[in-house]
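My structure is below; once you've seen it, I'll send some questions.
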There are 2 protein chains.
Amino acid sequence: MSDRHDTRSRIQEIALELFIEQGYDKTSLREIAERLGVTKAALYYHFPTKDDIVNSLVEDRIAQLHALTEWASSQPRTAETRRQVIRMYAEELHDTKAHQVMQFFERNQAAIKQMDAMKRMRNQLTELFDTITDPNDALTEQLKSSLAVFAIHASLFVFRNRDATPEQQREAALTVALELIGGD
Amino acid sequence: MSDRHDTRSRIQEIALELFIEQGYDKTSLREIAERLGVTKAALYYHFPTKDDIVNSLVEDRIAQLHALTEWASSQPRTAETRRQVIRMYAEELHDTKAHQVMQFFERNQAAIKQMDAMKRMRNQLTELFDTITDPNDALTEQLKSSLAVFAIHASLFVFRNRDATPEQQREAALTVALELIGGD
DNA sequence: GTCTATATAAGGATAGAC
DNA sequence: GTCTATCCTTATATAGAC
């Protein structure tokens, strides 16, 4: 297990934060280096290019989604399996890092469209979606399955300025998501 | 009524397209000018800064959302009003330009976060949301109201690679949205 | 593993002629 | 309304010392 505060990890942390707040393109390596207290050149020891920082960020999340997809595929295609996938997906998003990575993707779609990391993330999400949707279902049912996942994400920004606690928000999101996925 | 193909309008068209495909920051004024067949300097006659292109793009859409919000506010706060707002919102998104502008916002959230256009769009969307949600409702109901709007947007990318026609997709999205807004 | 120094390119923006 | 020419700033990335 590597030290969580070695330089490489801290570059990832700082970069992710800035990419979310200011956007990928507006965040320069100089700025990342400054926050870290090193020079630009030091970054290049850890990452060959700026894009590689993104690639490294996405690795864990892709692997996590891949594992969830594999599990779903190994289960019988029942309503209960779909419900379980939603529960696990929501559970994973409690983790700050996973949550941040998804936010990064949401907010920088156009900026990273051409990058390899984006293609891989897209493919992985499509695969996961395919485990909880049935091509033979009505379009409305297919859309609802996708919205179930959106519901989990949406809870993160829909409830701004509300006095509900994060736990209540998550619970509401999960309730709605399970309702959308159907099969109760 | 101004000529739809004067230079100013064409700058807006080309810029919007490129901003969606490559991202706001990765699209240079040189590139826009080249596609248009003029020089960079010519653009500065029509728009003082790059940001102003975005501002101009957003004007129409903000006004449209503002009008919808005003209408909603003038109606009784009933379920039928909410349903009608969703229908009108969906109807507006059939228009290519409105659709493109929303796509631009979705894909460039981080890139334009600090810009005035983003703040105004956010505020306007919040105001509209407030007309179809009730703070006294359960969190789940509030979330569903928001998801109703998402459903309209989602239909644009959820149904990739399906053999449903755009009309069928729109119809399915509207059905789901109306279901989510409730009050039937 | 981090530094200084620098190469190289591209960006947004302006001045002033036509 | 569009051009040429140019300014100024910043960016990614590299070379080579320590």
Side-chain angles (χ1 to χ4, degrees), chain A residues 1-58 104 107-108 110-118, chain B residues 1-58 104 107-108 110-118:
Chain A
M1 208 60 176
S2 67
D3 182 353
R4 188 161 301 167
H5 285 85
D6 55 346
T7 303
R8 191 187 149 90
S9 301
R10 295 195 57 214
I11 293 171
Q12 292 176 316
E13 265 178 51
I14 295 169
L16 182 52
E17 210 170 301
L18 291 174
F19 291 165
I20 291 172
E21 288 309 311
Q22 321 182 323
Y24 176 72
D25 287 307
K26 282 201 178 65
T27 302
S28 67
L29 296 175
R30 179 191 53 70
E31 197 173 359
I32 297 171
E34 253 172 30
R35 281 231 192 167
L36 185 59
V38 297
T39 64
K40 261 193 312 177
L43 302 187
Y44 281 96
Y45 171 80
H46 298 280
F47 298 99
T49 71
K50 191 182 175 186
D51 288 9
D52 285 307
I53 301 179
V54 174
N55 286 326
S56 78
L57 284 172
V58 95
F104 164 69
R107 296 192 187 176
N108 289 280
I112 61 178
K113 203 180 179 201
Q114 348 264 14
M115 292 178 49
D116 201 56
M118 188 50 149
Chain B
M1 208 61 175
S2 66
D3 183 352
R4 188 161 302 165
H5 285 86
D6 55 347
T7 302
R8 191 187 149 90
S9 300
R10 295 196 56 213
I11 292 171
Q12 291 176 317
E13 266 177 51
I14 293 169
L16 182 52
E17 211 169 301
L18 290 174
F19 291 166
I20 291 172
E21 288 309 311
Q22 321 182 323
Y24 176 72
D25 287 305
K26 282 202 179 64
T27 302
S28 67
L29 295 174
R30 179 192 53 70
E31 197 174 359
I32 296 171
E34 252 171 31
R35 282 232 191 167
L36 186 59
V38 297
T39 65
K40 259 195 311 178
L43 301 186
Y44 281 96
Y45 172 80
H46 298 279
F47 298 99
T49 72
K50 191 182 175 186
D51 288 10
D52 284 306
I53 301 180
V54 174
N55 286 327
S56 79
L57 284 172
V58 95
F104 163 71
R107 297 192 187 176
N108 290 280
I112 62 178
K113 202 179 181 205
Q114 348 265 15
M115 291 178 48
D116 200 58
M118 188 51 149

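Labels below follow one simple rule: chain letters A, B, ... track the order of the sequence lines, proteins then strands, and each chain is numbered from 1.
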CG on Asn108(B) to CZ on Arg107(A), rounded to 0.5 Å: 13.5 Å
Nucleic acid contacts - residues 21-39 of chain B versus DNA chain C, non-hydrogen atoms under 4.0 Å: Thr27(B), Ser28(B), Leu29(B), Arg30(B)
First and last nucleotide of DNA chain C in contact with chain A, 5' to 3', at under 4.0 Å to a heavy atom: what are they? dG1(C) to dT4(C)
Checking side-chain contact (heavy atoms from CB on, under 4.5 Å) for the pair Val54(A)/Phe104(A): CA distance, chi angles, key distance, verdict? CA-CA 10 Å; Val54(A) 174; Phe104(A) 164 69; 3.8 Å; yes
Any side-chain heavy-atom pair from Tyr44(A) and Leu29(A) closer than 4.5 angstrom? yes
As an exercise, state the distance from CG of Leu36(A) to CD1 of Ile14(A), rounded to the nearest 0.5 Å. 4.5 Å
I need the Arg8(B) CZ to Ile53(B) CD1 distance, nearest 0.5 Å. 9.5 Å
dT14(D) P sits how many Å from Tyr45(A) OH, rounded? 16 Å
NZ (Lys50(B)) and CE (Met115(B)) are apart, to the nearest 0.5 Å, by 9.5 Å
With rounding to the nearest 0.5 angstrom, report the CG to CD1 distance, Leu16(B) to Ile11(B). 13.5 Å
Please table the atom pairs, donor to acceptor, closer than 3.5 Å between any side-chain atom in residues 18-25 of chain B and protein atoms at least two apart or in another chain.
residue  : atom : partner   : partner atom : Å
Glu21(B) : OE1  : Lys113(A) : NZ           : 2.6
Gln22(B) : OE1  : Thr27(B)  : OG1          : 3.4
Gln22(B) : NE2  : Glu31(B)  : OE2          : 3.1
Tyr24(B) : OH   : Asp51(B)  : N            : 3.4
Tyr24(B) : OH   : Asp51(B)  : OD1          : 2.7
Asp25(B) : OD1  : Lys26(A)  : NZ           : 3.0
Asp25(B) : OD2  : Lys26(A)  : NZ           : 3.2

Could you tell me the separation between the NZ atom of Lys40(B) and the P atom of dC7(D), rounded to a whole number of Å? 13 Å
